[in-house]
There are 2 protein chains.
Amino acid sequence: MSRTIKVLLAEDQSMVREALAALLGLEDDIEVVAQVARGDEVLAAVREHAVDVALLDIEMPGCTGIEAAAAVRRELPSVKLVVLTTFGRPGYLRSAMEAGADAFLVKDAPAAQLAQAVRKVLAGDRVIDPTLAAAALADGANPLTDREREVLRAAADGSTNAELAATLHLSQGTVRNYLSTAIQKLAVRNRAEAVRIAREKGWL
Amino acid sequence: MSRTIKVLLAEDQSMVREALAALLGLEDDIEVVAQVARGDEVLAAVREHAVDVALLDIEMPGCTGIEAAAAVRRELPSVKLVVLTTFGRPGYLRSAMEAGADAFLVKDAPAAQLAQAVRKVLAGDRVIDPTLAAAALADGANPLTDREREVLRAAADGSTNAELAATLHLSQGTVRNYLSTAIQKLAVRNRAEAVRIAREKGWL
DNA sequence: ACTGCCGGATGACAGATGTCATACGCCGAC
DNA sequence: GTCGGCGTATGACATCTGTCATCCGGCAGT
């Protein structure tokens, strides 16, 4: 048995973050050496504390856990990455894997899986919910182009075509065209449904 | 110093729930005697385990933590109620208070406040974030009528007027009228914005 | 060199949405 | 007992949204 596993916790909700720290603190072989509340603080903290495993929430201010994962993978490729999220969206799993994550956990999995996942990734294994993996494969890749995604994201708050055209520096007609193709690709009837479906799949 | 405080934890995400349990388990005077993942299991569990303080998440399957709080307050009025939520929505605070909650905490508050809140409510105090309380008062009460809220909620997924009319057993014109008045009351331009604002305020 | 896709744009059209005036019955407050 | 608010409904109207055909320039494959 070697020294304890050094873990970083990145999660924006203090109460959840500290609770997870308490949970991991119960394990003899795991030590939470750093906690951050923002995605853009992850890389520096990982470097500073010589972290073995980084546990990253997706939804965070600064940047997403997935972006943070990609940055760590690029700069410090030996650090293991566990992505932890509230939402089991297939698209999230896909992007997390593309960013180089070693494990993908949803927060409604049993708590015991967290420490287990930390140990497994350190042993070189990958940890992925098989149901979610199947869903990700079944859904296929994100069918939307960059612009379609941007426009859809901008439309999500209820902005009108004119507002979208202004903020995105496009003509109103172009905005409508993008939304129209997005609506067709997602096989729905209007932009509101398109936003909902794209969100659910993790494509936004 | 009397016996330990018996706490129930109601939260649908296992990992978060068990992590919070670990956190509270670190306190000598607090014991988590029951955990449930659904709102509609709260009342029975509170009764069965002679709980002193119930810690309730709002978003849960079965019924919301607020509805569960109301039920406990009605049936077992001596039990203290702490509502814990991800979203600091003023309307949530208002409804929680109306349901008889003794404390209202948001999950991005420091973890230490959780145990403190448990002790304070047991001592007869109320625990409320002052910023949120101010926001709740500033926003005023929910301006939407029951029907307007129902229609807006049904419209949230992107349903069309015809679909809304069918599912709510109304005429299409009536649906449009309700949405129109809701849009005006919320001072927005379309149903999508109305849904977003109503959500943010906790009025949906 | 040709083809196809992407980003961007226009114009025309049909249908959906939002507004407004108006109406009726019901109920609670004053 | 009247007044106001709510729930429900209709019809007319203006505007917004979604679709489609068509076009252009750029760029990647073949």
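So you know, we letter chains A, B, ... as the sequences are listed, proteins then strands, and number each from 1. What you see below is based on every heavy atom in this structure, not just the backbone, and it leaves out hydrogens, waters and symmetry mates.
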Measure from CG on B/L152 to C1' on C/dG18 and round the result to the nearest Å.
14 Å
Kindly say if B/N161 contacts the phosphate of C/dT17, meaning a side-chain N or O under 4.0 Å from OP1 or OP2.
yes
One should read off an interatomic distance between B/F104 CZ and B/I58 CD1, to the nearest 0.5 angstrom, of 4.5 Å
Should B/D52 and B/R3 be marked as a side-chain contact (heavy atoms from CB on, under 4.5 Å) after you check the CA-CA gap, both sets of side-chain angles, and the distance that decides it?
CA-CA 11 Å; B/D52 298 309; B/R3 61 172 178 76; 3.1 Å; yes
Distance check: side-chain N/O of B/T145 vs OP1/OP2 of D/dG7, anything under 4.0 Å?
yes
So, does A/R189 get its side chain near the phosphate of D/dG18, meaning an N or O under 4.0 Å from OP1 or OP2?
no
Whole angstroms only, please: what is the CG-C1' distance between B/L164 and D/dT8?
16 Å
Is the phosphate of C/dT10 approached by A/S171 (side-chain N or O, under 4.0 Å from OP1 or OP2)?
yes
Output, in order, the C-alpha distance, side-chain angles, deciding distance and verdict of side-chain contact (heavy atoms from CB on, under 4.5 Å) for A/V42 and A/V72.
CA-CA 8 Å; A/V42 168; A/V72 174; 3.9 Å; yes
Using the salt bridge (Lys or Arg N to Asp or Glu O under 4.0 Å) definition, which of the options B/R38, B/R17, B/K107 pairs with B/E11?
B/K107
Report the residue (B/L170 or B/P143) whose heavy-atom-nearest nucleotide on DNA chain D is the more 5′ of the two.
B/P143
Rounded to the nearest Å, what distance is computed from the CG atom of residue A/L144 to the P atom of nucleotide C/dC5?
16 Å
Rounding to an integer number of Å, can you tell me how far A/Y178 OH sits from C/dA9 P?
8 Å
Does D/dC16 have OP1 or OP2 sitting under 4.0 Å from an N or O in the side chain of A/R176?
no
Is there a side-chain polar atom (N or O) of B/T160 under 4.0 Å from OP1 or OP2 of C/dT17?
yes
Does A/N190 or A/D146 map to a spot on DNA chain C nearer the 5' end, using the closest nucleotide for each?
A/D146
Is the shortest side-chain N/O distance from A/R191 to OP1 or OP2 of D/dG18 below 4.0 Å?
yes
Does a side-chain N or O of B/Q184 approach OP1 or OP2 of C/dG18 to a distance below 4.0 Å, or not?
no
For the side chain of B/N177 and the base of C/dC20, is some donor closer than 3.5 Å to an acceptor across the two?
yes
Could you check whether any side-chain N or O of A/E148 sits under 3.5 Å from a backbone N or O of A/T145, counting only pairs where one atom can act as donor and the other as acceptor?
yes
Separation of C/dG8 atom C1' from A/L179 atom CG, nearest Å, is 14 Å
Hey, which sits more toward the 5' end of DNA chain D by its nearest nucleotide, B/Q172 or A/S180?
B/Q172
Between A/H169 (NE2) and C/dA9 (P), how many Å, whole number?
11 Å
